[in-house]
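Because only heavy atoms are used, hydrogens play no part in the values below, and waters and symmetry mates are left out as well, while side chains stay in. Chain letters run A, B, ... following the sequence lines, proteins first, then strands; residues in each count from 1.
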Protein chains: 2
Amino acid sequence: MNIYDVSEKAGVSIATVSRVINGNSKVSEKTKQKVLRVMEELGYTPNVFARGLGLNTMKTIGIMCADSSDPFLANAVYYLERELRKNGYDSFLCCTGYELKNKQNYLKLLLSKRIDALVIVGSYFLEANTKDNTYIMEAADEVPIMLMNGNLNKPNIYCTLCDDHQAVYDATSLLLNQGKKDILFLYTSKSYSSIQKLNGFKAALMDKLHTLKEENIHICPATIEGTRDLLLHLSMNGLKFNAVIAAEDILGVGAIKYAKLKGLSIPEDLSIIGYNNSLLATCCEPELTSVDNHVETLSITTVNTLMRVLNNQKAPNKTTISNDLVERYTTNF
Amino acid sequence: MNIYDVSEKAGVSIATVSRVINGNSKVSEKTKQKVLRVMEELGYTPNVFARGLGLNTMKTIGIMCADSSDPFLANAVYYLERELRKNGYDSFLCCTGYELKNKQNYLKLLLSKRIDALVIVGSYFLEANTKDNTYIMEAADEVPIMLMNGNLNKPNIYCTLCDDHQAVYDATSLLLNQGKKDILFLYTSKSYSSIQKLNGFKAALMDKLHTLKEENIHICPATIEGTRDLLLHLSMNGLKFNAVIAAEDILGVGAIKYAKLKGLSIPEDLSIIGYNNSLLATCCEPELTSVDNHVETLSITTVNTLMRVLNNQKAPNKTTISNDLVERYTTNF
DNA sequence: TTGTAGGCGTTATCAG
DNA sequence: CTGATAACGCCTACAA
């Protein structure tokens with residue numbers, strides 16, 4: 001079943017059928033209807049491969065992320081897919097895991113599929129070491145690259161991110177203002193956005209306290225138990241703290257579990273602020289105060305920018321979105 | 001840059017280059033090495049469209065689910081993608097939302113992309129009304145269809161599901177055995193697996209109690225607050241219950257929130273059992289006893305079966321996986 | 001407004 | 001083992 005079958009049955013040439021399919025050039029209303037009717041009858045669908053071969057595009061966007069089962073990334077993937085589809089694009093999803101080597105291989109694979117653009121859902125994707133990101137830079141020579149929550153400065157790379165620095169700066173300041181000076185900062189990896197958060201934390205401390213204890217900053221396993229145990233361990237070793245800022249909600253939940261185990265009352269003995277405002281934040285007890293970084297807005301903005309790029313319109317290389325604190329019961333501002 | 005460039009530079013015909021690329025037919029070691037070297041030098045990658053055009057396949061599997069941001073589905077998507085890629089297949093992800101009309105449209109779209117097979121992540125996907133599933137049945141005429149947590153009996157449809165009936169039967173029995181007779185059953189939709197769970201619930205009640213109260217069975221919004229409020233409402237209307245079986249963890253968490261609001265102690269006044277053993281189950285307080293339905297095993301099995309189908313090996317039309325109860329602190333068996 | 005014919009980059013079938 | 005050549009199905013000048 002192909003365009004020839006349709007053209008034959010409709011008594012026109014394949015060119016005319018093609019015109020009807022693509023709807024741009026002029027075709028008389030009468031023939032158009034006839035062709036449409038035949039296509040309907042035959043249940044004809046254009047072959048995307050043949051079409052792709054000529055046009056060298058299949059209207060497909062690659063999406064890469066480390067792990068689509070992470071609640072934040074899962075949301076991002078969901079919204080991205082939805083928005084892309086609204087614009088007539090499909091998406092190839094590709095979860096790479098956390099190893100650089102795999103990320104590089106998957107990127108190559110995706111490019112070989114002739115995707116029209118690549119969306120990288122940052123957070124865990126960008127390496128702290130700049131050199132390790134050259135493979136992304138190089139890919140930008142082939143297709144536009146959209147970075148969600150990441151920042152690389154190069155033509156054809158478009159970044160959409162939330163102002164993590166500011167958000168953590170503000171959160172930290174709120175705690176400091178109410179006299180909570182022994183604040184722990186927990187994060188899971190040296191991703192771009194983690195570094196931003198960390199810097200926001202440090203900046204607030206320096207501004208208000210003019211001092212900074214490195215022993216209050218910890219990389220932490222991305223699990224509830226792991227976080228709980230780390231805090232337990234730190235506390236046993238004599239570290240004093242009365243607040244925790246977590247770079248992810250799951251770490252915040254871990255901190256709650258720690259407080260419970262130690263019989264600390266929240267937020268009096270221990271204030272806790274999470275990040276992402278995910279489902280986890282409303283699930284725990286007490287419910288977690290968390291920074292909402294607007295995944296949906298972030299995703300929509302990313303796709304909108306991408307569409308501008310693909311349509312050869314001017315598009316900003318960097319878009320920053322502000323985020324806000326959703327206060328629940330692990331703080332009392 | 002195409003196969004001609006390579007053939008010219010290597011001094012062989014395009015046929016030979018093609019053979020080297022595909023590695024099946026016999027090529028002398030010497031020419032093979034020469035061709036490989038040239039391909040490397042030129043950085044040549046075969047054009048997937050041209051290839052697809054000839055072979056009429058692009059080694060791509062469609063994945064449909066209602067909402068990839070649902071924790072259970074997010075996990076399923078993650079594992080499916082990983083397993084498919086291991087087998088050299090890419091995946092098109094497609095989140096349809098919950099409306100039948102959209103599901104139908106997306107399915108058509110996916111088929112028009114010439115996917116090699118379709119994986120439908122069931123749960124919310126199958127309609128209670130059999131007629132509403134005919135579009136899936138029809139699709140099975142075109143490509144193999146894998147149903148995860150769904151059941152449709154037709155050639156070329158392969159179902160992988162967990163024994164939800166048994167799991168809920170067992171859970172209910174445990175509660176009954178310890179004298180908890182007023183058990184509420186909460187679920188969110190009339191999906192195939194929901195019905196299985198419900199039937200398991202009913203069967204256990206009939207077997208042990210020889211009676212069944214319809215007012216103890218409720219469809220419930222899939223949110224924490226929605227569940228909490230529903231229970232509050234039921235209780236205010238005089239309904240007595242001392243246990244809740246939830247068809248999803250999130251409903252279980254809602255029940256916990258309800259208990260907290262009412263000052264009930266868990267599990268003494270109210271026992272709660274969730275379903276899916278998702279992150280939510282360890283996040284709440286007390287942690288939720290939950291049925292683990294082994295998403296990972298389910299996903300792996302689905303892909304393994306699919307690979308058999310695609311390789312024309314015999315494959316079972318229905319595979320059932322058992323699941324087990326993970327006891328935490330919302331029950332005391 | 002419509003039709004013809006060439007090209008897109010592979011793979012596969014034949015001969016050699 | 002290797003090479004020429006015909007598909008594969010569509011799009012798009014160019015011609016009519």
List every contact pair, protein side and nucleotides 2-5 of chain D side both N or O, where the distance is under 3.5 Å.
unit_1 : atom_1 : unit_2  : atom_2 : d
D:dT2  : OP1    : B:Ser28 : OG     : 3.1
D:dT2  : OP1    : B:Thr31 : OG1    : 3.1
D:dT2  : OP2    : B:Ser28 : N      : 2.9
D:dT2  : OP2    : B:Thr31 : OG1    : 3.2
D:dG3  : OP2    : B:Ser13 : N      : 3.0
D:dG3  : OP2    : B:Ser13 : OG     : 3.3
D:dG3  : OP2    : B:Thr16 : OG1    : 2.7
D:dG3  : N7     : B:Arg19 : NH2    : 2.6
D:dG3  : O6     : B:Arg19 : NH1    : 3.3

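Here C:dC8 presents its C1' atom at 16 Å from CE of B:Met1, a figure rounded to the nearest Å. Across the protein-nucleic acid pair, B:Met58 atom CE and C:dT11 atom C1' stand 16 Å apart, rounded to whole Å. One can place NZ of A:Lys30 at 13 Å from C1' of C:dT1, the figure rounded to the nearest angstrom. Here the P atom of nucleotide C:dC8 and the CZ atom of B:Phe49 are 16 Å apart, to the nearest Å. Rounded to whole Å, the distance from CD on A:Glu8 to C1' on C:dG3 is 15 Å. Across the protein-nucleic acid pair, A:Ile21 atom CD1 and D:dC11 atom C1' stand 10 Å apart, rounded to whole Å. Distance A:Gln33 CD to C:dT1 P: 15 Å, rounded to the nearest Å. Regarding B:Arg114, its CZ atom lies at a distance of 8 Å from the P atom of D:dG9, rounded to whole Å.
For the pair B:Lys103 and B:Tyr135, the cation-pi test (distance below 6.0 Å, angle within 45°) is failed.
Here C:dG9 is the nucleotide among D:dC10, D:dC11, C:dG9 with the atom lying nearest to any side-chain atom of A:Leu53.
Among the atoms of the strands shown, none is found under 4.0 Å from any heavy atom of A:Asn56.
Of the two residues near DNA chain D, B:Glu29 and B:Ala50, the one whose nearest nucleotide lies more 5' is B:Glu29.
Regarding contacts with the backbone of C:dT11, a side-chain N or O of B:Ser18 is found under 4.0 angstrom from either OP1 or OP2. Between A:Asn2 and the phosphate of D:dG9, there is a side-chain N or O to OP1/OP2 separation shorter than 4.0 Å. Regarding contacts with the backbone of C:dG9, every side-chain N or O of B:Arg51 stays at 4.0 angstrom or more from both OP1 and OP2.
By the neighbour-count criterion of 12 heavy atoms within 6.0 Å, atom CD of B:Gln33 is densely surrounded, having more than that number from other residues, nucleotides or ligands. Within 6.0 Å of atom NZ in A:Lys86, more than 12 heavy atoms from other residues, nucleotides or ligands are found, so the atom counts as buried in its surroundings.
In this model, a donor atom of one side chain and an acceptor atom of the other lie less than 3.5 Å apart for A:Asn151 and A:Tyr192. In this structure, a donor-acceptor pair under 3.5 Å is absent between the side chains of A:Ser299 and A:Thr302. In this model, a donor atom of one side chain and an acceptor atom of the other lie less than 3.5 Å apart for B:Asp116 and B:Thr57.
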B:Glu40 and B:Arg37: salt bridge (charged side-chain N to carboxylate O under 4.0 Å, His left out), yes or no, with the steps? CA-CA 5 Å; B:Glu40 177 73 17; B:Arg37 199 166 47 245; over 6 Å; no
